[in-house]
Undergrad: 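I'd like to ask you about the structure that follows.
Position 1 is the first residue of the sequence, and the numbers go up from there.
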Amino acid sequence: MINIFPEQVFFFRCHPKIQCFNACCQDLHQILTPYDIIRLKHHFQIDSSIFLKTYTRTYIGPETGLPVVVLKTKSHMDLRCIFVSEEGCLVYPDRPASCRYYPLARLVSRSRETGKISASYMLMKEAHCMGHNDQKGFLCEQTLEKWLDSQELANDDNYNDRMLEIIAVKNQAGIKDLSADQKKLFFMCCYDIDSFQDYAVNDQLFSEKLDMHCSFDGDLQWLERALAWLKNNFLKISVLNNCHV
Ligand code: SF4
Ligand code: SF4
């Protein structure tokens, strides 16, 4: 991997006729972010809990102790992405952020002093990927800005960085292991936005009048609310300890 700076030119072009087409969607461990899940549930026009049950599996991250959601593979033996087909990605317009970034990877860090999040970018050159080979013409010539624009990544980053803040607050609060109920609560706030809406309305979690949303923007508003509420509860750990789902 090599560092990529804003003005730096690199060469990359991926297209359906390339010899390695779909090679990057094999042998998969595709982590999903809260924003990815909202995008994908709207792609299928289904409830977030159904999307999660049908297309994902969850495990507890060994470093954070928090639930991590990954896309299912075709089977235990066949590690291709559940969404890959001979024609390419079946969810291409709404594919996850890390698929959009590839062959770049975005690394984020958060300053302990200021809380400011900064990002750096690496270019991955993997043996199977032939997108780096063609170095002639405008279509192959990339800069960071051109790539990010072409992949429509601005919103993804904004929401995904909020997760980093929540993990930082959890760590600052000295919370090492969440109880089973707390893990369920974290999972619901971050990933299962439709269940969070039900939970929030039934338990009158917020004092203002709340609409149930089914639009994409409406779900993003709920995600804002869920992440802020979760962060606040990590700050008030005693309150979180008394929450039951
Ligand atoms: S979501 Fe689409 S682009 Fe991403 S790994 Fe799966 S098939 Fe490939
Ligand atoms: S060029 Fe790289 S990103 Fe494109 S299909 Fe081939 S392996 Fe995947």
Undergrad: Taking side chain to side chain contact (heavy atoms under 4.5 Å, CB included) as the criterion, tell me which of D194, I193, L227 meets it with W222.
TA: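 Passing option: I193.
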Undergrad: Without placing hydrogens or testing angles, list every side-chain donor-acceptor pair under 3.5 Å for residues 14-23, not counting sequence neighbours.
TA:
| from | atom 1 | to | atom 2 | distance (Å) |
| --- | --- | --- | --- | --- |
| H15 | ND1 | K17 | N | 3.3 |
| H15 | ND1 | I18 | N | 3.4 |
| N22 | ND2 | S85 | O | 2.7 |

Undergrad: On a heavy-atom basis, which atom in P34 and which in C190 lie closest, and how many Å separate them?
TA: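 That closest heavy-atom pairing would be CB-O, 3.0 Å.
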Undergrad: Test your reading of the model: is there a side-chain donor-acceptor pair from Q142 to the backbone of L139, 3.5 Å cut-off?
TA: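 The answer is yes, because a donor-acceptor pair under 3.5 Å joins these two groups.
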Undergrad: Quick one: are I38 and H42 in side-chain contact, heavy atoms under 4.5 Å?
TA: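 Yes; the side chains approach each other to less than 4.5 Å.
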Undergrad: Please check: side-chain N/O of K74 versus main-chain N/O of I82, any donor-acceptor pairing under 3.5 Å?
TA: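 Yes, K74 side chain to I82 backbone: donor-acceptor pair under 3.5 Å.
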Undergrad: Counting distance only, does the side-chain N/O of H132 pair as donor-acceptor with the main-chain N or O of M124 below 3.5 Å?
TA: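 Yes; judged by distance alone, with no hydrogens or angles, the pair exists.
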Undergrad: Identify the heavy atoms of A228 and R162 that sit nearest to each other, and give their distance.
TA: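 Between these two residues, the closest heavy atoms are N-NH2, 4.2 Å.
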Undergrad: Between atom NZ of K184 and atom SG of C189, what is the distance when rounded to the nearest 0.5 Å?
TA: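 So the NZ of K184 and the SG of C189 are separated by 13.0 Å.
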Undergrad: Step through the shown structure and confirm whether more than 12 heavy atoms of other residues, nucleotides or ligands are within 6.0 Å of NZ on K53.
TA: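 Open: at most 12 neighbouring heavy atoms sit under 6.0 Å from NZ of K53.
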Undergrad: For the CG atom of D161 and the CD1 atom of I166, what is their distance to the nearest 0.5 Å?
TA: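 D161 atom CG to I166 atom CD1 measures 11.5 Å (nearest 0.5 Å).
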Undergrad: Under a 4.5 Å side-chain heavy-atom rule over Ile, Leu, Val, Met, Phe, Trp and Tyr, are I2 and F12 clustered together?
TA: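 Cluster IDs for I2 and F12 match.
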Undergrad: Return the minimal non-hydrogen interatomic distance between N160 and A97, and the atom names on each side.
TA: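 Between these two residues, the closest heavy atoms are ND2-CB, 4.0 Å.
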Undergrad: Among all residues two or more places apart in sequence or in another chain, which pass the ring pair (Phe, Tyr, Trp, His ring centres under 6.0 Å) test with F187?
TA: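 If we apply the ring pair (Phe, Tyr, Trp, His ring centres under 6.0 Å) test to F187, skipping adjacent residues, the hits are Y191.
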Undergrad: Is any NZ, NE, NH1 or NH2 atom of the basic residue among R100 and D36 found under 4.0 Å from an Asp or Glu carboxylate oxygen of the other?
TA: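 No, R100 and D36 are not salt-bridged.
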Undergrad: Taking the six-membered ring for Trp and the full ring for Phe, Tyr or His, determine whether the centres of Y121 and W147 are under 6.0 Å apart.
TA: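 Aromatic pair excluded; centres sit 6.0 Å or further apart.
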Undergrad: Please set out all donor-acceptor pairs under 3.5 angstrom arising from side-chain atoms of residues 59-70, sequence neighbours excluded.
TA:
| from | atom 1 | to | atom 2 | distance (Å) |
| --- | --- | --- | --- | --- |
| Y59 | OH | H29 | NE2 | 3.0 |
| T64 | OG1 | L66 | N | 3.1 |

Undergrad: Is it possible for you to say whether F186 and Y199 belong to one hydrophobic cluster, with membership spreading through side-chain heavy-atom contacts below 4.5 Å?
TA: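 As far as the 4.5 Å side-chain criterion goes, Y199 and F186 are connected within one cluster.
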Undergrad: How about OH on Y92, more than 12 heavy atoms from neighbouring residues, nucleotides or ligands closer than 6.0 Å, or not?
TA: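 Atom OH in Y92 is not packed in, count stays at 12 or less.
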Undergrad: Under the side-chain hydrogen bond (donor to acceptor under 3.5 Å, both in side chains) rule, what do D47 and S49 come out as? Steps first, then yes or no, please.
TA: CA-CA 6 Å; D47 194 278; S49 52; 2.7 Å; yes
Undergrad: So do the side chains of M122 and N3 get within less than 4.5 Å of each other, counting heavy atoms only?
TA: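 SC-SC contact between M122 and N3 confirmed.
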Undergrad: Are V201 and W229 connected in the hydrophobic side-chain network, where two residues link if heavy atoms are under 4.5 Å apart?
TA: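 Linked, V201 and W229 end up in one cluster.
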Undergrad: Kindly compute the distance separating OG (S98) from CZ (R106), expressed to the nearest 0.5 Å.
TA: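 Atom-to-atom, S98:OG and R106:CZ are 12.5 Å apart.
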Undergrad: Would you say K146's side chain and E141's backbone share a donor-acceptor pair under 3.5 angstrom?
TA: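 Yes.
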Undergrad: Could you tell me how the ring of Y55 sits relative to the ring of F83: parallel (under 30°), tilted (30 to 60°) or perpendicular (over 60°)?
TA: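 The arrangement is tilted - the two ring planes meet at 30° to 60°.
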Undergrad: Take D157 and Y35 through the side-chain contact (heavy atoms from CB on, under 4.5 Å) test and state the conclusion after the steps.
TA: CA-CA 9 Å; D157 290 346; Y35 188 86; over 6 Å; no
Undergrad: Are L104 and F11 joined in one hydrophobic group, where the rule is that I, L, V, M, F, W and Y side chains link up if heavy atoms are under 4.5 Å apart?
TA: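 No, L104 and F11 fall in different hydrophobic clusters.
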Undergrad: Measure the spacing between SG of C24 and CD of Q30 and express it to the nearest 0.5 Å.
TA: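 Here the interatomic distance stands at 10.0 Å.
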Undergrad: Can you name the nearest heavy-atom pair linking A168 to R110, along with the distance?
TA: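 A168 and R110 have their closest heavy atoms at CB-NH1, 3.4 Å.
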Undergrad: Side-chain donor-acceptor pair under 3.5 Å between D217 and S215, yes or no?
TA: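 Per modelled atom types, D217 and S215 side chains form no pair under 3.5 Å.
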Undergrad: Looking at CD1 of I37 and CG of D219, how far apart are the two atoms once the value is rounded to the nearest 0.5 Å?
TA: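 I37 atom CD1 to D219 atom CG measures 11.5 Å (nearest 0.5 Å).
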Undergrad: Is it the case that one hydrophobic cluster holds both L164 and L223, taking links as side-chain heavy atoms less than 4.5 Å apart, direct or via other members?
TA: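 No; L223 is not reachable from L164 via cluster members.
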Undergrad: Are side-chain heavy atoms of Q151 and Y101 found at a separation under 4.5 Å?
TA: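 Sidechains of Y101 and Q151: no contact.
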Undergrad: Report the distance from atom CZ of R95 to atom OH of Y102, rounding to the nearest 0.5 Å.
TA: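 Going from CZ on R95 over to OH on Y102, the span is 13.5 Å.
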Undergrad: At their closest point, which heavy atom of D177 faces which heavy atom of Q182, and how far apart are they?
TA: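 For D177 and Q182, the tightest heavy-atom pair comes out as O-OE1, 4.4 Å.
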Undergrad: Considering only heavy atoms from C-beta outward, does the side chain of L40 approach that of L32 to under 4.5 Å?
TA: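 Answer yes - side chains close enough.
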